[in-house]
Amino acid sequence: MPVTNETEKKKVIFSAIQPSGTITLGNYLGALRNWIGLQDEYDCVFALADLHTITVRQEPAKFRQNTLEAYALLLACGIDVEKSLFFIQSHVHTHAELAWILNCYTQFGELSRMTQFKDKSAKHADNINVGLFAYPSLMAADILLYQADMVPVGADQKQHLELSRDIAQRFNGLYSPTFTVPEPYIPQTGARVMSLQDPAKKMSKSDENVNGWVAVLDKPEDILRKFKRAVTDSDGRIAYGPGKDGVNNLMGIYSCITGKTNAQIEAEFDGKGYGDFKTAVAEAVIAHLTPIREKFTQYIADKAYLEQCYTKSAQQALAVSNRTLRKVMKKIGFIPKPF
Ligand code: TYM
């Protein structure tokens, strides 16, 4: 990680998460946990990507509640609005504006190749809307508006980030250097937390089998039950290796939470069975998430504080992102905005 000092300009981090209901242990270990740790060393900009969320139909009251809850939960996880910007994407209009512009610099063929588009359009066959298709150019706008150097995400977002880089490079090449070309920041452990019921699939809140995912706000008894039911194998050994996707996934989760290596975990559970191991993983997860759940209860009860936080961050984000947007529009040849 680069070393910065007081006089050196800090590198910029951007990342976002959709407020689409449950925030899972996958989101937490793959992304959120890393966001928290980066706040001292970098200029961090974080958003709730609610414009992305409406690519799948939402019930209005529930959508509003999910967004507010996601905001409170991320504060509870440790996002500090004194250090970082943390706002709601739809409050900062430059995102939608730059997204439209970038749509005109993104090829149909590029978007057609996105695996997430293919998966989501198969899942929502009755609503394959243009927003779902253009989703990655809105992501590119999010990132490029802040001239982000690095984007901490889970492995599933890698393809979208590569497209953001391609769009930035294309625009820079057509005009002159305008956008910082962002690097993905994908963690060594936790980048791909898998379903507890089908370890070949990533852990996702859209999985119909609720035992496949753990929510950050799940009650301890539910977390314990879900881990106890986790699919493993008939081999019986707690060891990392091929053909042991279920055990590998549990070891990955345990390693992320405790900081232990695979060798240490294998030694700890040498001679023990899957039952003991699953209980230990569940207990480690419960102990880690309990303080977050408690803080969430405090934040969600204080709507005025939440509003104050997201308003202040959105105002600052607008000022920063407008600088990039104006530069982009000038280069393209738009008449400068009169206000
Ligand atoms: P979203 O809301 O699906 O997920 C938020 C973050 O969680 C990570 N993640 C996982 N990591 C490990 N294991 C899993 N099973 C798992 N599931 C999800 C994701 O990789 C992501 O980092 N389009 C984005 C939100 C977004 C964004 C952006 C991200 C909008 N604009 C700009 C980065 C930069 C999304 O839907 O993430």
Side-chain angles (χ1 to χ4, degrees), residues 13-39 44 46-50 52-53 66-81 83-84 86 150-158 184-197 199 201-207 209-227 230 248-260 278 280-300:
I13 297 273
F14 180 91
S15 202
I17 183 169
Q18 288 195 58
S20 45
T22 315
I23 291 186
T24 67
L25 187 63
N27 296 131
Y28 180 75
L29 296 179
L32 299 178
R33 183 179 63 120
N34 300 310
W35 300 9
I36 309 308
L38 293 164
Q39 296 181 100
C44 293
F46 300 123
L48 289 183
D50 58 344
H52 282 100
T53 304
N66 285 344
T67 307
L68 209 56
E69 287 185 0
Y71 197 90
L73 179 55
L74 266 64
L75 291 185
C77 287
I79 290 189
D80 181 348
V81 286
K83 293 182 188 161
S84 308
F86 176 38
M150 285 199 314
V151 184
V153 282
D156 63 332
Q157 295 299 325
K158 192 162 177 266
Y185 178 98
I186 296 173
Q188 303 245 305
T189 51
R192 213 170 158 74
V193 178
M194 309 310 277
S195 159
L196 298 182
Q197 288 298 308
K201 281 197 326 208
K202 76 164 184 179
M203 181 181 283
S204 165
K205 52 205 157 200
S206 55
D207 193 339
N209 187 344
V210 294
N211 289 319
W213 47 265
V214 168
V216 174
L217 290 175
D218 267 350
K219 293 196 210 81
E221 58 269 31
D222 292 332
I223 298 178
L224 185 62
R225 193 195 66 242
K226 289 179 185 182
F227 276 105
N248 293 347
N249 188 37
L250 293 175
M251 284 178 74
I253 294 171
Y254 193 62
S255 163
C256 274
I257 300 273
T258 61
K260 292 178 184 166
K278 289 178 184 178
V281 179
E283 282 172 355
V285 170
I286 291 167
H288 189 90
L289 296 183
T290 297
I292 296 178
R293 209 178 50 253
E294 287 167 2
K295 283 191 201 131
F296 166 79
T297 313
Q298 292 164 12
Y299 282 123
I300 197 64

Between atom [atom1] of [X] and atom [atom2] of [Y], what is the distance when rounded to the nearest 0.5 Å?
X      : Y      : atom1 : atom2 : result
Tyr254 : Thr189 : OH    : OG1   : 14.5 Å
Gln197 : Asn211 : CD    : CG    : 5.0 Å
Ile223 : His288 : CD1   : NE2   : 11.0 Å
Ile36  : Cys44  : CD1   : SG    : 9.0 Å
Ser20  : His52  : OG    : NE2   : 11.5 Å
Leu32  : Ile292 : CG    : CD1   : 8.5 Å

- Message: Run the side chain to side chain contact (heavy atoms under 4.5 Å, CB included) test on Val214 and Phe227 for me, step by step, so that the C-alpha distance in whole Å, both residues' side-chain angles and the decisive distance to 0.1 Å come before the verdict.
- Response: CA-CA 9 Å; Val214 168; Phe227 276 105; 3.9 Å; yes
Can you see which heavy atom on [X] is nearest to which on [Y], and at what distance?
X      : Y      : result
Thr258 : Ala284 : CG2-CB, 4.3 Å
Pro220 : Ile286 : O-CD1, 3.4 Å
Asn66  : Pro19  : CB-O, 3.4 Å
Ile79  : Trp35  : CD1-CE3, 3.7 Å
Arg192 : Asn249 : O-OD1, 4.4 Å

Side chains of [X] and [Y]: does their closest heavy-atom pair fall under 4.5 Å?
X      : Y      : value
Trp213 : Leu196 : no
Tyr185 : Ile13  : no
Ile253 : Asn248 : no
Leu250 : Lys278 : yes

Looking only at atom types and distance, does a side-chain atom of [X] sit under 3.5 Å from a main-chain N or O of [Y], one as donor and one as acceptor?
X      : Y      : answer
Gln298 : Ala76  : no
Gln39  : Asp80  : yes
Asn34  : Pro152 : no

- Item | Thr24 vs Asn27, side chain to side chain donor-acceptor pair (under 3.5 Å): CA-CA, chis, key distance, verdict | CA-CA 5 Å; Thr24 67; Asn27 296 131; 3.2 Å; yes
- Quick one: salt bridge (charged side-chain N to carboxylate O under 4.0 Å, His left out) partners of Lys260, sequence neighbours excluded?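 Listed in chain order: Glu268.
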- With sequence neighbours left out, write down each residue that passes salt bridge (charged side-chain N to carboxylate O under 4.0 Å, His left out) with Asp218, or none if nothing qualifies. Lys226
- Message: Let's go through Ile23 and Ile17 carefully: what are the C-alpha distance in whole Å and the side-chain angles of both, what is the deciding distance for side chain to side chain contact (heavy atoms under 4.5 Å, CB included) to 0.1 Å, and is it a yes or a no?
- Response: CA-CA 9 Å; Ile23 291 186; Ile17 183 169; 4.0 Å; yes
- Message: List the residues meeting side chain to side chain donor-acceptor pair (under 3.5 Å) with Lys83, not counting sequence neighbours, and say none if there are none.
- Response: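 Listed in chain order: Asp40.
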- Partners meeting side chain to side chain donor-acceptor pair (under 3.5 Å) with Ser204 (sequence neighbours left out):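 Residues passing side chain to side chain donor-acceptor pair (under 3.5 Å) with Ser204: Ser206.
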- Among Leu29, Val193, Val285, Leu25, which residue meets the side-chain contact (heavy atoms from CB on, under 4.5 Å) test with Cys256?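 Only one of Leu29, Val193, Val285, Leu25 forms a side-chain contact (heavy atoms from CB on, under 4.5 Å) with Cys256, namely Leu29.
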- Evaluate the side chain to side chain contact (heavy atoms under 4.5 Å, CB included) criterion for residues Val153 and Ile186: first the C-alpha distance (whole Å), next the side-chain angles of each, then the deciding distance (0.1 Å), finally the verdict. CA-CA 6 Å; Val153 282; Ile186 296 173; 4.2 Å; yes
- Task: Decide yes or no on side chain to side chain contact (heavy atoms under 4.5 Å, CB included) for Leu48 and Tyr71, but give the supporting numbers first.
- Result: CA-CA 7 Å; Leu48 289 183; Tyr71 197 90; 3.8 Å; yes
- Item | Centroid separation Phe46 to Phe14 less than 6.0 Å | no
- Task: Name all pairs fulfilling the salt bridge (charged side-chain N to carboxylate O under 4.0 Å, His left out) condition that reach into residues 283-299, sequence neighbours left out, sorted by first residue then second.
- Result: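 Counting only pairs at least two positions apart or across chains, no salt bridge (charged side-chain N to carboxylate O under 4.0 Å, His left out) contact touches residues 283-299.
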- Name all residues meeting the side-chain contact (heavy atoms from CB on, under 4.5 Å) criterion together with Lys219; count only those two or more places apart in sequence or in a different chain, and write none if there are none. Glu221, Asp222
